[in-house]
**Q** 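The structure is given below, and queries will be raised subsequently.
Keep in mind that this is a model prediction, so the values were computed, not measured.
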Amino acid sequence: MNKSIRILSPITLSVILLLDAAVIAYGVFAIKRLLTNPSAGAIFFAAVEVLALIISILTTKEAVSSCAVFREDELEFTGIDGLNVFSYEDIKGVEIYRDTSASLSKNFIDRHALLIITLSDGRTVTIDIGLATKGTVDKIAKELARHVGEEAITFLNAKKAKNAKERKRKRK
């Protein structure tokens with residue numbers, strides 16, 4: 001029984017699709033140029049297009065494949081190399097940091113999110129899931145709570161964390 005929650009924001013997906021379209025358009029231009037005027041420059045453009053196409057495919061595959069996989073006894077974050085698999089028994093607590101303050105420099109749908117996992121041996125691992133919709137973060141929190149218990153989950157919102165730091169500074 002595996003449950004996967006894809007960690008892909010609509011903005012990230014649209015940017016990747018836009019870049020893929022640009023690579024395809026450049027490829028059409030390079031092929032036309034190579035067929036109409038086979039020269040060293042046209043061959044160079046075609047070679048650059050092949051490299052751009054390979055990078056585009058790998059980037060798209062990586063972005064689309066990032067997800068949190070909940071298995072019966074463990075949690076895996078597929079977009080991370082190393083320290084990405086956690087046994088539910090080893091998870092002592094999870095702090096979920098979600099940026100909630102509105103800003104013109106950030107997207108209004110997506111917010112940056114972090115999962116700070118405290119393990120039973122005392123180690124702390126921070127998983128940066130990047131831009132994620134509130135719904136995605138809530139789905140991950142709900143599924144985590146189902147496996148490790150609701151008392152182990154804590155939400156930290158950016159605005160509240162910032163205000164707490166300011167209050168602490170004023171008290172000193």
**Q** Could you grab the distance from atom CD of Glu89 to atom CG of Asp73, nearest 0.5 Å is fine?
**A**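 Atom-to-atom, Glu89:CD and Asp73:CG are 7.5 Å apart.
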**Q** Pick from Asp90, Ile117, Ile91: which one makes a side chain to side chain contact (heavy atoms under 4.5 Å, CB included) with Val148?
**A**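 Exactly one candidate clears the test, Ile91.
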**Q** Where is the tightest heavy-atom contact between Val137 and Ala113, given as atom of each residue plus distance?
**A** CG2-CB, 3.8 Å
**Q** Rounded to the nearest 0.5 Å, what separates atom NZ in Lys61 from atom CD1 in Ile16?
**A** 13.0 Å
**Q** Say you draw a straight line from NZ of Lys32 to CZ of Phe45; how long is it, rounded to the nearest 0.5 Å?
**A** 15.0 Å
**Q** Using 30° and 60° as the class limits, which term best fits the ring planes of Phe70 and His147: parallel, tilted or perpendicular?
**A**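 Ring orientation of Phe70 relative to His147: parallel.
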**Q** At their closest point, which heavy atom of Leu34 faces which heavy atom of Ala46, and how far apart are they?
**A** CD2-CB, 4.1 Å
**Q** Any chance you could measure Asp128, atom CG, to Ile7, atom CD1, to the nearest 0.5 Å?
**A**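 These two atoms lie 10.0 Å from each other.
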**Q** Grab the two heavy atoms, one from Ala141 and one from Ile96, that are nearest each other, plus how far apart they are.
**A**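 For Ala141 and Ile96, the tightest heavy-atom pair comes out as CB-CD1, 3.4 Å.
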**Q** Which atom names give the shortest non-hydrogen contact between Pro10 and Thr133, and what distance separates them?
**A**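 Where Pro10 meets Thr133 most closely, the heavy atoms are CD-CG2, 3.6 Å.
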**Q** Taking a hydrophobic cluster as the set of Ile, Leu, Val, Met, Phe, Trp and Tyr residues connected by side-chain heavy atoms closer than 4.5 Å, whether directly or through intermediates, do Val64 and Leu17 fall within one such cluster?
**A**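 Yes, one cluster joins them.
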**Q** Okay, side chain of Tyr26, backbone of Val48: is any donor-acceptor separation there less than 3.5 Å?
**A** no
**Q** Between the main-chain N or O of Gly27 and the side-chain N or O of Glu49, is there a donor-acceptor pair closer than 3.5 Å?
**A** yes
**Q** Is there a donor-acceptor contact under 3.5 Å from the side chain of Asn84 to the main chain of Phe77?
**A** yes
**Q** Using side-chain heavy atoms (C-beta onward) and a distance below 4.5 Å, is Thr60 in contact with Ser56?
**A** yes
**Q** Take Thr126 and Tyr97, measure what side-chain contact (heavy atoms from CB on, under 4.5 Å) needs, and give me the verdict at the end.
**A** CA-CA 10 Å; Thr126 301; Tyr97 168 88; over 6 Å; no
**Q** About how many Å separate CG of Leu13 and CG of Asp20, when rounded to the nearest 0.5 Å?
**A**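 Going from the CG atom of Asp20 to the CG atom of Leu13 covers 9.5 Å.
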**Q** Looking at Leu119, Val94, Leu115, which hits side chain to side chain contact (heavy atoms under 4.5 Å, CB included) with Phe86?
**A** Leu119
**Q** Verify the cluster assignment for Leu51 and Leu19: are they in a single hydrophobic cluster under the rule of side-chain heavy atoms below 4.5 Å apart?
**A**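 In one cluster: no.
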**Q** I'd like to know if Lys142 and Asp138 make a salt bridge, using a cut-off of under 4.0 Å between side-chain N and carboxylate O.
**A**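 Looking at Lys142 and Asp138, the cut-off is not met.
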**Q** I need the single residue from Ile140, Leu114, Ile5 that forms a side chain to side chain contact (heavy atoms under 4.5 Å, CB included) with Ile129. Which is it?
**A**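 For Ile129, the side chain to side chain contact (heavy atoms under 4.5 Å, CB included) test succeeds with only one of Ile140, Leu114, Ile5, which is Ile140.
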**Q** Closest heavy-atom contact between Arg6 and Cys67?
**A**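 Residues Arg6 and Cys67, closest heavy atoms: CA-CB, 3.6 Å.
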**Q** Pair Leu144, Leu75 - check side-chain contact (heavy atoms from CB on, under 4.5 Å), show working.
**A** CA-CA 9 Å; Leu144 265 170; Leu75 163 66; 3.8 Å; yes
**Q** Roughly how far apart are Thr118 OG1 and Arg123 CZ, rounded to 0.5 Å?
**A** 11.0 Å
**Q** When clusters are formed by joining ILVMFWY residues with side-chain heavy atoms under 4.5 Å apart, either directly or through shared neighbours, do Phe155 and Ile127 land in the same one?
**A**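 Yes, one cluster joins them.
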**Q** Of all the heavy-atom pairs spanning Ala63 and Leu8, show the shortest one and how long it is.
**A** O-CD1, 3.6 Å
